[in-house]
**Student:** 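Following this message is one structure expressed as structure tokens.
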Amino acid sequence: MLASILFTLGLGGACGIVLSFASKVFYVYEDPRIAQVENLLAGANCGGCGYPGCSGAAEAIVAGKAPPSVCILVGPENVAAIAEITGGEAGTAEALKSYNECMGGSRATDRFIYQGVNKCSAVASLYGGKRDCTIGCLGYGDCVRACKFNALAIGAEGYPVVDYERCVGCGACQAVCPKTIIEVSPMSARLMHLNREDDALAPCQQTCPAEIDIPRYIDHIRKGEYEAAVNTIRERNPLLLTCGRVCPHPCETMCRRAIEDEPVSINQLKRFVADIEMNSGKRYPIPCASDTGKRVAIIGGGPAGLSAAYFLRRLGHHPTIFEAMPKLGGMIRYGIPEYRLPKEVLDWEIQGILNLGIDHHVNVEMGFDFDLGSLIGAGFDAVFFGVGAWNDYNLNIPGEDLKGCYTGINFLARVGKNEPIDIGKRVAVVGGGNTAIDCARTLVRMGLEKVYLVYRRTRKEMPANDVEIVAADHEGIEFIFLAAPNRVLEDEDGRAKGLEYLRMELGEPDASGRRRPVPVEGSETVLEVDTIISAIGQNPNLSFKQPGTRLDQLEITRWNTFEVNPETCQTNVPYIFAAGDSQTGPATVVEAIGGARRAARAMDQFLRGKPFIGEPRALLSQKKIGESIFERVPGIKQTKRAEMPELPVQERITCFDEVDLVINEANAMKESNRCLNCCRLCYDPDISIDTKRPAA
Amino acid sequence: MGDFTVLIISSIFINNIILAQYLGACPFVGTSKKMETAVGMAGAVVFVLTMAGMITWIINTYFLVQLNIEFLRTIAFIMVIASLVQFVEMFLKKSIPALYAGLGIFLPLITTNCAVMGVCLLNVQDELTFLQAIITSAAYAVGFGVALVLFAGVRERINLGRVPSPLRDTSIGLVTAGMLAMAFIGFRGMV
Ligand SMILES: Cc1cc2nc3c(=O)[nH]c(=O)nc-3n(C[C@H](O)[C@H](O)[C@H](O)COP(=O)(O)OP(=O)(O)OC[C@H]3O[C@@H](n4cnc5c(N)ncnc54)[C@H](O)[C@@H]3O)c2cc1C
Ligand code: SF4
Ligand code: SF4
């Protein structure tokens, strides 16, 4: 008896002593967060997360290899608590969720009778499925069977419906779907995805330079899910308030509904949800990936610079913006006038981007206050240029430097900064683009006697947005077409007193397809004006690139823009990227945003030291997916598109109040119901489209 | 030498610890969903079981038998195995981090593996010598690994098939295990 007691005690003691010594001798520092996280996990060691035991999962979470939500048993509170421990701010770490592209609808007709195994994978291998629609869901529910969490069910329309409460983002459904209908992608993968030839893309989404998932956000609006709509837009475009107001919406020209009816007011709907967020008084949270500690210098705080900073921040990097002007915004602040984009709205939008944790410095100009060398010395890992196109072209006519002559950008920027300008009574604006129209409409609001717009071709050739031209016309601006300025006349005080121009005729079409104007001999005419504003185009000011500096070997095109690889926006210097007007030449806000996202995608790979993974099937926005472009769309019931409310002309020309107003909720609902949900809904040419929509 | 061959073959196949002796069924079902996990677990079991076989043999022969307190065997073995696993885990973590990364995470799970205990007790029952005990333990562990990896492979395939819902997951797993066990009966004729 004694022996057994002594033995047991002895053995226990020996084990204890050995273990205590071992834990001292073999002590390895372990991140205390691992233990904290493990305490928050379910402790069932069930392996449902795919890691061997809870401690394995905890380690993976702390190492950033697994999201805080891997454990299939913990509730949202613990997920938030875990996110807090691992440093991802609580609530910002986005869980993986299953997304479903196909929205069903009355099924397309069948091409053959299928009697095989009832599995999507089997059906797909037989001529890609029996349905006419080759992109849509097959509806046999392989994903439903793969889902261990009962998060999926085949809905009434015959396509899988995700229960987001239950979905844990395990990805089992995506793995079994033979058609890439159901997708579980982390936020960063969605931010980086470029439109591809084999994606199910509606014509509008193929055309949008920022590649916004238009049918998805319209669908959210239709269901009243405004926050989801805003988040969908924000995946591709951080400047939705701005674009909702000033975008020339190329997407609407490709809208399938326009083939038989008027296009959907896509941009009005964007503005509608963007305004809802702004007026709601709070900001919808924007998730960001976990920190990488990499720093990027962004030169220029215009749309390109702001978007690049936004995407980089969401991908986990740390951008710092350097801006030459006193405030951020670039051309959308100093070019686009108040009555089109109120500064208050712009400030709110930019603040939301900066709130993600983006540093910025204003009143610092590259080339004067700092140069590339100082950025590299300060430890930046990459540099992005979005310096815009701020150099006005000259008219190259005698007298253009007289008192009373201005250039367009210079004039608008001074108005934007509220600087006093010496403007006479009668003005001629030269040019036919957006800048010229904006100058003219600004002048009208300054209370001038007469505003002329002088353009050397005809109205049809004007590059400005059509709505702008119409608005300018309503506001009493007089257009003088087919007129080429010849010289500026001078009065005795050295001030301009008139603009002499030659009348033109349209000749042969030139390389761009526009008919080249040719002057008519002896047709000199004088326009009695005391102020002349020339707005005939801009190019980038790259004067900071001087010989002998680090930027010496940077390649520049003959239009004085950055030479880049169009897919990556990377210049010939590997750590320098560029997008926006300074890379494309004067263009639009959305194009700057699209370019900035491509640049951010490539910079992310560059910063993480990964080999660059291109997208060989990337759909450049000029190219279209053939089978998605229809000739006819039978069965459309004609319904008028929502009219955009405007301030009455008499009222608006006396002040700088915003002209275009937002549509109301009822109209937004009506308008979103006009969308055909192209490439999401099973298309059957024989069934009227308006009856095919799944119940909202 | 011939003796050892017989011992090894019979421990791996004929007396397979899982499929013939029904020990260690819990990790067998629990860690066989993914091939990767199954391989890790198999490796960890080989490691621990060999060590445990060695140490428990020493404890048994030099303490329990000498002091005439064989009735304490179960308790003593439990204590020794649990401490051993903890010790090995700590040792690996510090000294061989690469091996720890591969096996470490499975080690704590083995504390609750009855196959380890079972093998140690069997060694005593069969009155094996030290060398025999080590070899049998290792062979049993290999048998465990073989069965686990085979089973994981089968289960991965089954998951892709259409299983009627009442039978899904563990239920079909047990049915499959039963069939595997029957197949292993076929090895009886080997020796
Ligand atoms: C009058 C006008 C009207 C327009 N209307 C529309 C419209 O209705 N719809 C539309 O889509 N687009 C419109 N555009 C075009 C649109 O504004 C531009 O395409 C867009 O702003 C380009 O963005 P960006 O970031 O490339 O350049 P910018 O917006 O020009 O920004 C460049 C920024 O870089 C800064 N910068 C320049 N050099 C330096 C330096 N050396 N160091 C530091 N900072 C520097 C500048 O100060 C500026 O803030 C209009 C443009 C103009 C001029
Ligand atoms: S399989 Fe996974 S990702 Fe897909 S719906 Fe179910 S829980 Fe979500
Ligand atoms: S109908 Fe809708 S989905 Fe189709 S092109 Fe127009 S806006 Fe896009």
Side-chain angles (χ1 to χ4, degrees), chain A residues 1-30 34 38 43-60 63 117-122 140-142 144-148 150 170 172 175-176, chain B residues 26-27 29-34 36-41 44 55 59 63-64 66-73 75-97 100-110 112 159-163 165 168-169:
Chain A
M1 191 58 198
L2 189 66
S4 62
I5 293 176
L6 282 180
F7 172 76
T8 317
L9 280 179
L11 188 63
C15 289
I17 290 167
V18 168
L19 284 183
S20 328
F21 269 107
S23 49
K24 177 90 187 133
V25 174
F26 298 129
Y27 173 74
V28 184
Y29 173 76
E30 192 179 59
I34 297 181
E38 196 179 340
N45 279 322
C46 66
C49 50
Y51 290 93
C54 297
S55 59
E59 232 164 83
V117 185
N118 283 339
K119 290 189 71 176
C120 303
S121 49
Y140 286 95
D142 282 12
V144 177
R145 282 188 292 278
C147 181
K148 293 262 168 25
N150 286 330
C170 67
V176 298
Chain B
C26 163
V29 176
T31 59
S32 59
K33 277 194 194 162
K34 262 208 224 149
E36 215 185 313
T37 323
V39 171
M41 186 68 183
I55 300 220
I59 295 270
F63 294 96
L64 300 178
Q66 298 288 316
L67 297 172
N68 229 349
I69 44 171
E70 280 108 332
F71 59 90
L72 276 181
R73 194 177 284 143
I75 291 237
F77 281 13
I78 289 180
M79 209 135 70
V80 168
I81 292 171
S83 316
L84 175 71
V85 169
Q86 287 301 315
F87 181 84
V88 168
E89 189 187 352
M90 283 189 260
F91 172 77
L92 285 186
K93 199 167 186 177
K94 177 83 176 183
S95 322
I96 324 180
Y100 177 76
L103 305 182
I105 257 147
F106 298 98
L107 291 172
L109 294 180
I110 296 179
T112 56
N159 267 345
L160 297 178
R162 280 204 336 139
V163 180
S165 35
R168 259 180 229 163
D169 225 25

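This one's a predicted model, so the numbers in the text were calculated from it and none came from an experiment. Labels below follow one simple rule: chain letters A, B, ... track the order of the sequence lines, proteins then strands, and each chain is numbered from 1.
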**Student:** Using the rule side chain to side chain contact (heavy atoms under 4.5 Å, CB included), only one of B:Leu64, B:Val80, B:Leu72 pairs with A:Leu11; which is it?
**Tutor:** B:Val80

**Student:** What pairs with A:Lys119 under side chain to side chain donor-acceptor pair (under 3.5 Å), at least two apart in sequence or on another chain?
**Tutor:** none

**Student:** Rounded to the nearest 0.5 Å, what separates atom CD1 in B:Ile69 from atom CG in A:Leu2?
**Tutor:** 10.5 Å

**Student:** Does the side chain of B:Ile75 come within less than 4.5 Å of A:Phe7's, by heavy atoms?
**Tutor:**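 No. Closest side-chain heavy atoms not under 4.5 Å.
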
**Student:** Mind listing the side-chain donor-acceptor pairs of residues 12-23 of chain A below 3.5 Å, one per line with the distance, residues two or more places apart or on another chain?
**Tutor:**
unit_1: A:Ser20; atom_1: OG; unit_2: A:Gly16; atom_2: O; d: 2.5
unit_1: A:Ser23; atom_1: OG; unit_2: A:Leu19; atom_2: O; d: 3.0
unit_1: A:Ser23; atom_1: OG; unit_2: A:Ser20; atom_2: O; d: 2.9

**Student:** Need one label for B:Ile59: side chain, backbone, both or neither, based on atoms under 4.5 Å from any heavy atom in chain A.
**Tutor:**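 For B:Ile59, the side chain is the part near chain A, not the backbone.
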
**Student:** Might you point out which heavy atoms bring B:Met90 and A:Phe26 nearest each other, and give the distance in Å?
**Tutor:** O-CB, 3.5 Å

**Student:** By a 4.5 Å heavy-atom criterion (distance strictly below it), what part of A:Val176 contacts chain B: side chain, backbone, both, or neither?
**Tutor:**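 For A:Val176, no heavy atom lies under 4.5 Å from chain B.
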
